[in-house]
Amino acid sequence: MNEQPDTTADPQSVGPPADGQLSGSGLAAEKARRLGLVDAMRDAGGNPYPYRFDRSHTLGEMRETWGHLEPGIETADVVTVAGRIMLKRDSGKLVFTTIRDRSGDVQLFISKAVVGDDEFSAIKDLDLGDWVGVAGTVMTTRKGELSVKSDSVVLLSKAIRPMPDKWHGLNDTDTRFRQRYADLIVNENARRNFEIRHETVASFRRTLASKGFIEVETPVLHPEVGGAHARPFTTHHNTLDMELYLRVAVELYLKRLIVGGMERVFEIARTFRNEGTSTRHNPEFTMMELYQAFGDWNEVMDISEELVTTAARDALGTTVVEIRGEQIDLADPWPRKRMIDYASEGTGVELHPSMPIADVRKVAADHDVFVEDRWGAGKIIEELFEKTSESSIVRPTFVTGHPTEISPLARVDRNDPFLTERFEIFVDGRELGNGYSELNDPVEQRARFEDEQAAKEAGDAEAGSVDEDYIRALEYGMPPTGGLGIGIDRLVMLLAGVDSIKEVILFPTLRPEAH
RNA sequence: GCCUCUCUAGCUCAAUGGUAGAGCAGUGGACUUUUAAUCCAUUGGUUCUGGGUUCGAGCCCCAGGGGAGGCACCA
């Protein structure tokens, strides 16, 4: 940001590059110089932006095939490769450049004697950042560096803007997140994080497909907010003249599909919540939700462990990750512990949502936990859990048995009517996922919705309302079902070992750039 | 929304309230096995913006903007 107004937009105003009369050498002058090269190339009948280039190998494939060569070997193996010029070492009649494609990098060995005077001088005009296509033979240098002894180097796309520092890269977070393209060009870690993200999602799809899950797509525009306690983004449909909400969850739609008999469904869903940003939150994020008929929370806890450990294996090649300096094997069984037990230990007071509300409020007051008047014991216990315990959960853990009051879509615990058969997965102090035995009794669901409605009317901006269509669906009969949601962004954070969600979202939400 | 930090050349960073600098990139030159190539020379600045204090402000003060971290929010 804060760069000068672009005064080089009109290439006609730019002189030839070698006249030595360019004013200054700031960004504008640098762009003018490069645009001058583009013009000169066109004047000479060349095309600085050709339509295509055929490769025989990616650079990674080259390294796989010839990476073992001893130093000082010249093969007769012909390759055509392409990449961006990342480094350039000019020693007179010999130029070394390092080009990089998605799969790796390789050195070009460019000799004036091989390519001829004219092409050699054209190659000297190439800049860091230019895309080039190369034909040549495979060789290694005396020091053993795998190289392409280049017969021809053609420009595939001229870079007009200089790359960030070739050694220090790009550190400024503002620029890194706004200009992710520049971040990806120079920061290996950025590329790695998004490869891990891809591998994670691909792994989920494979695991779920192997279990007979069907991937579905449900509406992003919802007429009602449901499936999570969250503030929605609102929008408006013009011709229908109606308010719509960007989804805060996909739960209620996926369970309609279970009613319809689809048995095992999942969706990898971009989800929107109108909340502040932080190292753990972005207003739009990605959740995987799945629902499985005929099972309960036990099945989906097992699936949770399998999905995450398999994703780690697929993305990292290991199930061991480092969290807060501790080596943790995600493949070890995840401990299970009730929320009320965490809260009880954390406060030193035995807590249960059946307790008199006054007693629970007193514990909250003793621990400086703010309490709204309308909150019941269950909600307060959750707040106490968050205050006393949440941040100290490091290894993946199922926190179970959430009070019924805070779980309007979860089925009541078969052994305790004040609790639900619900779990949240916590890792590194963050919530990673959430699942439960699904409430499928339409009468009870209506009663829970009505409690939500009451909370909403009492001022809870995140409470839901009665979703009549969802009740109607349940009235047709939903089989016993287990459901699960996993935050993809947070899982990728865990696997990539990064502390900010912005490191795993390509284009995180930012304020518009000031001009 | 609140608090703290931060914003200087294309990039990475310096600069007691006293002439805005370096490295890389760029430009000119040397070099046929370099590896962030090296060596010599060299261009480049509205110090985020607007006010103020001061003989003098990149630096101090006020207001605004962007970003980061923390808090709040996030069942």
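Proteins come first, then strands; the chains are lettered A, B, ... in the order of their sequence lines, and each starts at number 1.
- Applying the 4.0 Å criterion to OP1 and OP2 of B:A25, one finds that A:Lys166 has a side-chain N or O inside that range.
- As judged by a 4.0 angstrom heavy-atom cut-off over every strand, A:Thr141 is placed among the base-contacting residues.
- Side chain of A:Leu27, nearest nucleotide from B:A36, B:G10, B:A68: B:G10.
- Between the CG atom of A:Leu69 and the C1' atom of B:U33 there is a distance of 16 Å, given to the nearest Å.
- Side chain of A:Ala113, nearest nucleotide from B:G10, B:U35, B:U32: B:U32.
- In summary, the aromatic rings of A:Phe109 and A:Phe96 are positioned with their centroids under 6.0 Å apart.
- Pair assignment for B:U12 gives B:A22, based on Watson-Crick or G-U wobble hydrogen-bonding distances that are each under 3.5 Å.
- Applying the 4.0 Å criterion to OP1 and OP2 of B:A75, one finds that A:Arg273 has a side-chain N or O inside that range.
- A close approach under 4.0 Å does occur between a side-chain nitrogen or oxygen of A:Arg89 and OP1 or OP2 of B:A37.
- Rounded to whole Å, the C1' atom of B:A20 lies 32 Å from the corresponding atom of B:C3.
- Straight-line distance from the CG atom of A:Leu409 to the P atom of B:A75: 13 Å, rounded to whole Å.
- Phosphate proximity of B:G66 to A:Arg511: present, with a side-chain N or O under 4.0 Å from OP1 or OP2.
- With rounding to the nearest 0.5 angstrom, the OG1 atom of A:Thr97 is 11.0 Å from the CE atom of A:Met86.
- Note on ring orientation: taking the six-membered ring where Trp is involved, the planes of A:His222 and A:Tyr253 are tilted (angle from 30° to 60°).
- If you check B:A68 for Watson-Crick or wobble pairing at under 3.5 angstrom, you find it paired to B:U4.
- Look at CD on A:Glu145: it is 12 Å from C1' on B:A37, rounded to the nearest Å.
- One can place CG of A:Leu170 at 16 Å from P of B:G67, the figure rounded to the nearest angstrom.
- B:G10 and B:G66 have their P atoms separated by 22 Å, with the value rounded to a whole Å.
- B:C59 is unpaired under the Watson-Crick or G-U wobble criterion, no partner having all donor-acceptor distances under 3.5 Å.
- Heavy atoms of A:Gly169 sit under 4.0 angstrom from primed sugar atoms or phosphate atoms, though from no base atom.
- A:Met86 has its CE atom 18 Å from the C1' atom of B:U34, to the nearest Å.
- Rounded to whole Å, the P atom of B:C60 lies 10 Å from the corresponding atom of B:C7.
- Side-chain N/O atoms of A:Arg33 include one lying less than 4.0 angstrom from OP1 or OP2 on B:U27.
- Look at NZ on A:Lys93: it is 5 Å from P on B:U32, rounded to the nearest Å.
- Between the side chain of A:Ser91 and the base of B:U33 there is no donor-acceptor pair of N/O atoms closer than 3.5 Å.
- Proximity note for A:Leu128 (side chain, C-beta onward) versus B:G70, B:A25, B:C11: the nearest is B:A25.
- B:U54 sits 47 Å from B:C39 when the C1' atoms are compared, rounded to a whole Å.
- No side-chain N or O of A:His402 forms a donor-acceptor pair with one of A:Glu382 less than 3.5 Å apart.
- Using a 4.0 Å heavy-atom distance criterion, A:Phe177 is classed as a sugar-phosphate-only contact.
- Counting any heavy atom pair closer than 4.0 Å across all strands shown, A:Arg430 reaches no nucleic acid atom.
- Evaluation of atom-type donor-acceptor distances gives no pair under 3.5 Å for the side chain of A:Asp165 against the base of B:G10.
- When Watson-Crick and G-U wobble pairs are counted only if both distances are under 3.5 Å, B:U46 pairs with no nucleotide at all.
- The residue A:Thr279 sits close only to the backbone: its heavy atoms come under 4.0 Å of sugar-phosphate atoms, none of a base.
- Taking the six-membered ring for Trp and thresholds of 30 and 60 degrees, A:Trp334 and A:Phe398 have ring planes inclined between 30 and 60 degrees apart.
- Following rounding to the nearest Å, A:Asp183 (CG) and B:G10 (P) show an atom-to-atom distance of 19 Å.
- Note on A:Ser500: a side-chain N or O is less than 4.0 Å away from OP1 or OP2 of B:G69.
- At a threshold of 4.0 angstrom between heavy atoms, the contacts of A:Asp460 with the nucleic acid are absent.
- Summarising the geometry, the separation between CZ on A:Arg178 and C1' on B:C7 is reported as 13 Å, rounded to the nearest angstrom.
- Of the candidates A:Asp172, A:Thr173, A:Asn171, A:Thr175 forms a side chain to side chain donor-acceptor pair (under 3.5 Å) with just one, namely A:Asp172.
- Here A:Gly376 lies out of heavy-atom contact (under 4.0 Å) with every strand.
- A gap of 31 Å separates the C1' atoms of B:A22 and B:U33, to the nearest Å.
- The gap from the P atom of B:G70 to that of B:A9 amounts to 27 Å, rounded to the nearest Å.
- In terms of phosphate contacts, A:Lys502 brings a side-chain nitrogen or oxygen within less than 4.0 Å of OP1 or OP2 of B:A68.
- Under the 3.5 Å distance criterion, with hydrogens and angles disregarded, a donor-acceptor pair is assigned to the side chains of A:Asn434 and A:Arg422.
- Summarising the base pairing, B:A30 is matched to B:U38 through a Watson-Crick or G-U wobble pair whose two defining distances lie under 3.5 Å.
- Contact annotation: A:Arg231 does not reach the phosphate of B:C73 (side-chain N/O to OP1 or OP2, under 4.0 Å).
- Using a 4.0 Å heavy-atom criterion, one finds that A:Lys88 contacts the sugar-phosphate atoms exclusively.
- A:Glu322 CD: more than 12 foreign heavy atoms inside a 6.0 Å radius.
- Distances from the side chain of A:Asp90 to the nucleotides B:G67, B:G10, B:C31 place B:C31 closest.
- Side-chain nitrogen and oxygen atoms of A:Arg161 include none within less than 4.0 Å of the OP1 or OP2 phosphate oxygen of B:G10.
- Here, B:G52 and B:U19 have their C1' atoms 24 Å apart, quoted to the whole Å.
- A donor and an acceptor atom sit less than 3.5 Å apart, one in the side chain of A:Gln107 and one in the base of B:U34.
- Within the structure, a side-chain polar atom (N or O) of A:Lys143 is placed less than 4.0 Å from OP1 or OP2 of B:U34.
- Look at the C1' atom in both B:U16 and B:G1: the space between them is 38 Å, to the nearest Å.
- Every residue two or more places apart in sequence or in another chain that forms a side chain to side chain contact (heavy atoms under 4.5 Å, CB included) with A:Asp359 is listed here: A:Met355, A:Pro356.
- Nearer to the 5' terminus of RNA chain B, by closest-nucleotide assignment, is the contact made by A:Pro162 (compared with the other of A:Glu275 and A:Pro162).
- Residue A:Ser147 is classed as having no contact, given no heavy-atom separation below 4.0 Å to the nucleic acid.
- The distance from atom CG of A:Leu506 to atom CZ of A:Arg180, rounded to the nearest 0.5 Å, is 6.0 Å.
- For the OP1/OP2 pair of B:G67 and a distance below 4.0 Å, the side-chain nitrogens and oxygens of A:Thr175 include no atom meeting the criterion.
- Both A:Thr140 and A:Leu87 sit near RNA chain B, but only A:Thr140 has its closest nucleotide nearer the 5' end.
- In this model, the phosphate group of B:C13 is approached by a side-chain N or O of A:Asn171 to a distance below 4.0 Å at OP1 or OP2.
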